[in-house]
K.L.:
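Just passing along the structure, written as structure tokens.
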Amino acid sequence: MNVRRPRTWNVDRGYVTPEGVYYDRRNFLKATGLTAIGMLGLTSCGINNPPEDPELELADTVKSLPGSAFAACPPNQQYTPDRPITDELTAASFNNFYEFTSNKASVWRRAQNLTVRPWEVHVGGLVANPMTFEIDELIQTMPCEERLYRLRCVERWAMAVPWSGFEFRALMNLVEPLSSAKFVRFESFFRPDEASGQRPPTLFSWPYYEGLTIEEAANELCFCATGLYGHDIPKQHGAPLRMVVPWKYGYKGAKSVVSIEFVAERPPTFWNDRLAAAYGFYSNVDPSRPHLIGSQAREFMIGTDESFDTMLYNGYGEYVAHMYTGDEH
Ligand SMILES: Nc1nc2c(c(=O)[nH]1)N[C@H]1C(S)=C(S)[C@@H](COP(=O)(O)O)O[C@H]1N2
Ligand SMILES: [Mo]
């Protein structure tokens, strides 16, 4: 049996309590009457796992695809974090991507089943110009830059990585939201044939969906990542386009987005629908607000022995605090 405890650097730090495992225990097991042992077997003993390529090397997953439009993007130094950049292969082998598996140490391999070309992103809803973008056209159209951001998962692990891509507000300028648009809803792909975690039996209602207020979406930090470490974004990180909202917990940034809708009402969100008390709509990083799994006061940099005090808004308060009273959850 494949116990969800990655083998090396993070053993025994006690902060790896996957979002989904928490949910499994408290809600799913109760709802279905399955035992914990049965559950672990269900998710980790291979009943709905696709064939994987055992020859595949991690390093092969972190390069640009042949024919992709990716080009090196000029770094924007303004947001450079206070800490060393996370080792690329460490970041590429420790991921949350529940469409494939909740096992973050092996998900990189399963995620290679995702076909990321061709790929279209539809942007619509309450906008003057609804558009459907072919991903390479979008990459060529948008002003590309590289941004080094911290990323903080609610499970208390953190990393600092160089995303390439464009500000979400640049996309807003193309589609022109109407004044009635108050929120933005992001939706990830739904492909049960490629993503074993989306096939029944599944704990979740797929596809993954997230949301922001329109003010948050228009904030200069809100970023669409199409690259990472100077090449195409790897599949395990959410190829070919994922949202990065660095002042919020990681789950607010949907991976492998296919649809972006401008809407009038606050949209439901994936984890909030599972367990609203633990996963608020806002989910701004806040050291003083414990999660159900425990205190959020400290964070642990993956691949290192370093830990830091968690910062309010993940340290991005000067850019985002004006949007909040501090009571948002
Ligand atoms: N579609 C989708 N997006 C997702 C997730 C997911 O399971 N599915 N996990 C989220 C969580 S919990 C985190 S912490 C980040 C992890 O991003 P990384 O694997 O690139 O570090 O992706 C977020 N986006
Ligand atoms: Mo997360």
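Every number for a ligand or one of its atoms is a count from 1 in the order of the listing.
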K.L.:
For Lys248, run the salt bridge (charged side-chain N to carboxylate O under 4.0 Å, His left out) check against Glu328, Glu210, Glu216 and tell me which one passes.
P.N.:
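One option only clears the test, and that one is Glu216.
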K.L.:
Enumerate the atoms of ligand 1 whose separation from the nearest heavy atom of Cys153 is less than 4.0 angstrom.
P.N.:
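The list of qualifying atoms is 14 (S).
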K.L.:
To the nearest 0.5 Å, what is the distance between CG on Asn113 and CD on Glu194?
P.N.:
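Answer rounded to 0.5 Å: 7.0 Å.
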K.L.:
Quick one: does Glu99 get an N or O within less than 3.5 Å of an N or O on ligand 1?
P.N.:
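N/O-N/O distance under 3.5 Å: yes.
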K.L.:
Which ligand 1 atoms are under 4.0 Å away from a heavy-atom of Phe97?
P.N.:
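Answer for ligand 1: 1 (N), 6 (C), 7 (O), 8 (N).
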K.L.:
Rounded to the nearest 0.5 Å, what separation is found between the CZ atom of Phe183 and the CZ atom of Phe262?
P.N.:
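Interatomic distance, Phe183 CZ to Phe262 CZ, rounded to 0.5 Å: 13.0 Å.
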K.L.:
Start with the C-alpha gap between Gln112 and Asp53, add the side-chain angles, then the distance that decides, and say whether side chain to side chain contact (heavy atoms under 4.5 Å, CB included) holds.
P.N.:
CA-CA 9 Å; Gln112 305 315 310; Asp53 176 358; over 6 Å; no
K.L.:
Is the closest heavy atom of Trp157 to ligand 1 under 4.0 Å?
P.N.:
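Heavy atoms of Trp157 do come under 4.0 Å of ligand 1.
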K.L.:
Give the atoms of ligand 1, by number and element, whose distance to some non-hydrogen atom of Ser188 is under 4.0 Å.
P.N.:
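In order of number, 1 (N).
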K.L.:
Below 4.0 Å from any atom of ligand 1, is there a heavy atom belonging to Gly253?
P.N.:
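Judged by the 4.0 Å heavy-atom criterion, Gly253 does count as contacting ligand 1.
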K.L.:
Quick one: which of Lys255, Glu210, His237 has a heavy atom closest to atom 19 (O) of ligand 1?
P.N.:
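Among Lys255, Glu210, His237, the closest heavy atom to atom 19 (O) of ligand 1 belongs to Lys255.
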K.L.:
Is the shortest side-chain N to carboxylate O distance from Lys63 to Asp232 below 4.0 Å?
P.N.:
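No.
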K.L.:
Say whether Met159 and ligand 1 are in contact under the criterion: heavy-atom distance to a ligand atom below 4.0 Å.
P.N.:
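Heavy atoms of Met159 do come under 4.0 Å of ligand 1.
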K.L.:
Does Trp163 reach ligand 1 with a nitrogen or oxygen that is under 3.5 Å from one of the ligand's nitrogen or oxygen atoms?
P.N.:
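The answer is no, given that Trp163 and ligand 1 share no N or O pair closer than 3.5 Å.
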K.L.:
Among Arg109, Gln236, His237, which one satisfies side chain to side chain donor-acceptor pair (under 3.5 Å) with Thr61?
P.N.:
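Result for side chain to side chain donor-acceptor pair (under 3.5 Å) with Thr61: Gln236.
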K.L.:
Can you tell me which portion of Tyr98 lies within the under-4.0 Å heavy-atom range of ligand 1? Options are side chain, backbone, both, or neither.
P.N.:
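The part of Tyr98 near ligand 1 is both the backbone and the side chain.
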K.L.:
Of Phe270, Tyr98, Phe100, which meets ring pair (Phe, Tyr, Trp, His ring centres under 6.0 Å) against Trp206?
P.N.:
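The passing option is Phe270.
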